[in-house]
Every structure is written in structure tokens, then in C-alpha cells.
Amino acid sequence: MAQLRREGTTARLRQEVEPAEAGLDAEALERLDRHFARLVDEGRMPGCLVALARHGKVAHVTAYGCRNREAALPVETDTLWRMYSMTKPVTSVAALMLCEEGLIGLDDPLARYLPAFADPQVYDGGEGNDIKTRPAEGPIRIRHLLTHTAGLTFGFYYSHPVDGLYRAAGLESSVPSGADLAETCDVYASLPLQFEPGTQWNYSVATNVLGRVIEVASGRPLDEFFAERIFGPLGMPDAGFCVTEDQAERLGELYGENADGSISAIAGLPLHGRPRFLSGSGGMVASALDYHRFMEFLRRRGELDGTRLLSPSTFDAMVSNQLPGGADLRTFGSPAHAEPGNSGIGFGFGVSVVVDPDITQAPSHLGTYGWSGVATTTFWVDPQKDLTVQFLTQVRPTTSHTLYADLKRLVDEAIVG
């Protein structure tokens, strides 16, 4: 188990055992490091951090390149990263904790907590101003939010007429300018669903809505609930929705990909000071150590260092495929997601789950679960190999890339024991 070892005022992730002791091949790990160092040297990433742990022991940590190229500040093991959608598993854990406490039910109608969703309308044809809707046959339920089967969407997809309604409502970036979480959810509720709740999978703003449910059910703002109930108990000292003045220099700069593959600095989440909009979907900032401890909590089935936040049975449900009939994302996904890269991948409560490793496009093992963020961060936990992996950089891509597949292949080649 990685300990909270501090240098000065910061906690850092450190290697604890040699790769061979953890059944990892040192030469293969060097190939992995060279591969991503080359991407940094070619100017396709500012810098990156990759960490692997087996059996609860960190066996490989590499930090390379810059967290801020313009200021020539290097990536360090205590660098802070915008986790974006790697926030979603944390929000899902928070919701499942409240389910165990009887404050939320998986099959409760969403309208029990957010009345604005009481009469959902479903898309029934047309485009733009001529869109037709009809009343939904059933309510949106809490489990639909956890599994992205609620019928909600993102405005930036450009793949369905309802996506255009999101953009027209000021939701291309998922939140209207200046709105808080409650106000934003009211806007979501005013828009039609793409499909009947529970009938398709469509990655969406659902986890923001789940964050608001957590606030209503717990009576606490989302950032306070996370700090008091998850970050504090799990020993995640730098995790939060903003950075303090003391933390600010450690925050990585965010970059965007240009048409030629180069990168340029772009504006990121407003993290200096508590944000008005607390995004359960993507608002978290954390260090590699913070997220390592969260992964260890997952690897240990809901417990870390004697602190249990989820029962083993609830945790097992979280990381089991919840799509009907054992479907994968390609077959159950909306048209925006019916692509080969989703073959063999199911979805639990807030995480993807490998259901058929024989047809996934990258090496994988049955039951492996995890998720990624839009700034090219990713993590997974492989129960078969007792392995956790995280990769952190800060680049918002404009095109598809092979980075995640390359990472999975290189990690798989390193597992020898």
C-alpha cells in the first residue's frame, strides 16, 4: 500500500517495490516509458506520468516532460491534474454510499429528488424547431444515471437532433454560463430525452445530475460531501474541486491538440477558488497519489486502510456489467457509440467493464474496469492480474488516437508473473 509520504508540504506517489518483485518486466516497462517520452519529445504531449501497482505495491512510476511548457516546469510526482471524467467513478461511489444508507434507491424515480424531471419527454422525430416529442413511458431512475441509460446527452456530439437542442440551450460545454449545479440540472430537465430511459447507452451529463441528487439526498454541497466522506477517509490530501494558493504552482497547464498534431495552451476548468458549478461529471483535480489511493480502495472492494465506504456486495455490483442481457457498449450504445472500439466493453455503475476480452480492440482481461478523462487521463483496475494503472497528461484531443490502446498493449507486455 502506498503511504502518504511527504516532502515539504506535499504528498507524493513513490515506487515501493522493484518491478520483478511484482511480476513486471523491467525491460518492457522501459519500452513503455520510451514510447510516451517520444510523444512528449515530438511535441504531442507536454509531459506525462504513468504508474503501475500490483498486489497493492507501486512497482513503476515515471514522470516525464513538463506540466507547464511555457514556464519550463517539469512533471513531478506531486503534480496536480484535471481529472475531468475520472471524477465520475468518485461521484458514483458517493451515490452508492447513500444507497447503502437508505437515502437513495437505485430504482427510485429521479423526480423524487429533482421534481423538474417529473414529466420527461422523449424525442419522436424532426430536427431543430420542428422536433416532435412524446411523454416517456417510464421515469428516469437513479440506476439510469449511474449507467448512462437515462436518455440524456452532450451538446458537443453533433450526432442527434437533441444534441442541437442542448447547444441551443447554452450547453455545448455542459453548463450554461454562470449557472450552478441546481440551475444547470433544471436546464437539462427542460430538454427532451434521446430515447426511453433504460433502452440505450449514451454517455452524457447524467453524472452531473447524479451529483445534484447527492446534494439533495445528503443535504450537503457536493464538494463538502466528497471532502468529508471520501477524500478525507481515503487519505486523498490534494483532491478537490479547486486548488489553494499553496497548490496552484503544482497544477498542470491544459493544452489542446492542433490540426497538425502539435499542442497549444488552452483555458481549463476555473480551479482557482471554489467554482460555482460543482461538476460530478468532471470537476475533480487530484494528484497521482490521490487517485492511486482511490484505485486501491476499488481494488480492495470498497475498503482502504481499515476504512470501508462500500460493502463488498455493493462494490461488486458497481464493477459488474449492468447493461441488459450482458450487452456491450457497441450493441447497446446509441448511434454515437456503436463503434468497434466499444466491442467487448460493458458498463457498471460509473465505470466501464470488460465483458469479452476476445473482441476488445486492445489487450484486456475479463472484469477489468476503469474510465478516462477528456484531457487524456485514464485508469483501470485489473482484478485478474491484481493490477492498477493510471496515466496522466493534460491534452484535449481533437481527433481519435491510439494512445490508450498503445498503453494497454505496453502494460500487457510487461506482465510476466
Side-chain angles (χ1 to χ4, degrees), residues 82-85 87-88 91 110-111 113-136 140 144-145 148-195 197 200 202-216 221-223 241-242 254 256-257 265-285 334-337 373-375 396-398:
R82 296 168 181 84
M83 293 296 182
Y84 284 105
S85 289
T87 308
K88 290 180 172 71
T91 305
L110 172 58
Y113 308 94
L114 305 183
F117 287 92
D119 298 302
Q121 299 293 304
V122 177
Y123 172 78
D124 198 33
E127 295 188 13
N129 294 330
D130 296 323
I131 280 181
K132 300 179 178 63
T133 65
R134 56 177 172 76
I140 301 171
H144 297 147
L145 299 177
H148 290 284
T149 59
L152 300 166
T153 190
F154 280 121
F156 54 74
Y157 278 152
Y158 289 80
S159 61
H160 189 283
V162 172
D163 304 342
L165 297 183
Y166 273 56
R167 293 191 296 275
L171 294 171
E172 184 153 12
S173 64
S174 302
V175 54
S177 178
D180 64 13
L181 182 55
E183 293 163 345
T184 299
C185 288
D186 285 343
V187 178
Y188 299 157
S190 72
L191 299 168
L193 306 177
Q194 279 195 6
F195 48 80
Q200 291 185 49
N202 191 57
Y203 192 49
S204 71
V205 298
T207 318
N208 280 335
V209 180
L210 188 65
R212 179 58 184 158
V213 171
I214 292 166
E215 291 190 329
V216 171
L222 194 62
D223 55 347
F241 283 85
C242 61
L254 182 64
E257 183 183 39
I266 60 173
L269 291 170
L271 295 172
H272 300 278
R274 183 177 186 263
R276 177 168 168 75
F277 177 67
L278 298 170
S279 174
S281 181
M284 179 178 166
V285 60
S334 68
H337 302 290
V374 73
R396 295 194 64 155
T398 57

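No donor-acceptor distance shorter than 3.5 angstrom exists from the side chain of T153 to the backbone of S204, with no hydrogens or angles considered. The backbone N or O of G126 lies less than 3.5 Å from no partner atom in the side chain of D130, so there is not a single donor-acceptor pair. In this structure, the side chain of E257 engages the main chain of T398 through a donor-acceptor pair within 3.5 Å. Without hydrogens or angle criteria, R167 side chain to G155 main chain gives a donor-acceptor distance under 3.5 Å. The backbone N or O of Y166 sits nowhere less than 3.5 Å from a side-chain atom of Y188 that would complete a donor-acceptor pair. Panel note: side chain T91, backbone G280; a donor-acceptor pair is recorded below 3.5 Å.
A salt bridge links E183 to R276: at least one charged side-chain nitrogen sits closer than 4.0 Å to a carboxylate oxygen. Checked for salt-bridge contact, R134 and D124 meet the test: a charged N lies under 4.0 Å from a carboxylate O.
Side-chain contact between L171 and P176: present, with at least one pair of heavy atoms (C-beta onward) separated by less than 4.5 Å. Counting heavy atoms from C-beta outward, F241 and L269 have side chains that stay 4.5 Å or more apart. Within the 4.5 Å cutoff, the side chain of L278 has no heavy atoms near those of the R212 side chain. Put simply, the side chain of V205 does not reach to within 4.5 Å of the side chain of V175, judged on heavy atoms. The shortest side-chain heavy-atom distance between S334 and Y157 does not fall under the 4.5 Å cut-off. Residues Y123 and T133 fail the side-chain proximity criterion, which asks for heavy atoms closer than 4.5 Å. A heavy-atom distance below 4.5 Å is found between the side chains of R396 and Y84. At a threshold of 4.5 Å between non-hydrogen side-chain atoms, the residues N202 and L152 do not count as touching.
Rounding to the nearest 0.5 Å gives a distance of 11.5 Å between CG of L193 and CD of Q200. How far CG of L210 is from OG of S281: 10.0 Å, rounded to the nearest 0.5 Å. Separating the NE2 atom in H160 from the CG atom in L165 is a distance of 9.5 Å, to the nearest 0.5 Å. To the nearest 0.5 angstrom, F277 atom CZ is 9.0 Å from D180 atom CG.
The heavy-atom pair separating T184 from S174 by the smallest distance is CG2-O, 3.5 Å. Annotation for L191 and A169: closest pair CD1-CB, 4.2 Å, computed over non-hydrogen atoms. Minimum heavy-atom separation, P270 to P275: O-CB, 4.1 Å. S279 approaches L222 most closely through the heavy-atom pair C-CD2, 4.3 Å. Taking both residues in full, the closest heavy atoms of T87 and G283 are given as OG1-N, 3.5 Å, listed atom of the first, atom of the second, then distance.
Ring centers of F154 and Y203: under 6.0 Å apart, within the cut-off.
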When you look at H148 and T207, which way does the side-chain contact (heavy atoms from CB on, under 4.5 Å) test go after all the steps?
CA-CA 8 Å; H148 290 284; T207 318; 3.5 Å; yes

Apply the test side-chain contact (heavy atoms from CB on, under 4.5 Å) to residues V216 and L114: give CA-CA distance (whole Å), side-chain angles for both, the deciding distance (0.1 Å), then the verdict.
CA-CA 8 Å; V216 171; L114 305 183; 3.9 Å; yes

Run the side chain to side chain donor-acceptor pair (under 3.5 Å) test on S159 and D163 for me, step by step, so that the C-alpha distance in whole Å, both residues' side-chain angles and the decisive distance to 0.1 Å come before the verdict.
CA-CA 7 Å; S159 61; D163 304 342; 3.2 Å; yes

Going through the checks in order, is the side-chain contact (heavy atoms from CB on, under 4.5 Å) test met by M83 and V285?
CA-CA 6 Å; M83 293 296 182; V285 60; over 6 Å; no

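A donor-acceptor pair shorter than 3.5 Å can be found between the side chains of K88 and S85.
For the side-chain contact (heavy atoms from CB on, under 4.5 Å) criterion with L181, the lone passing option out of I214, V209, N208 is N208.
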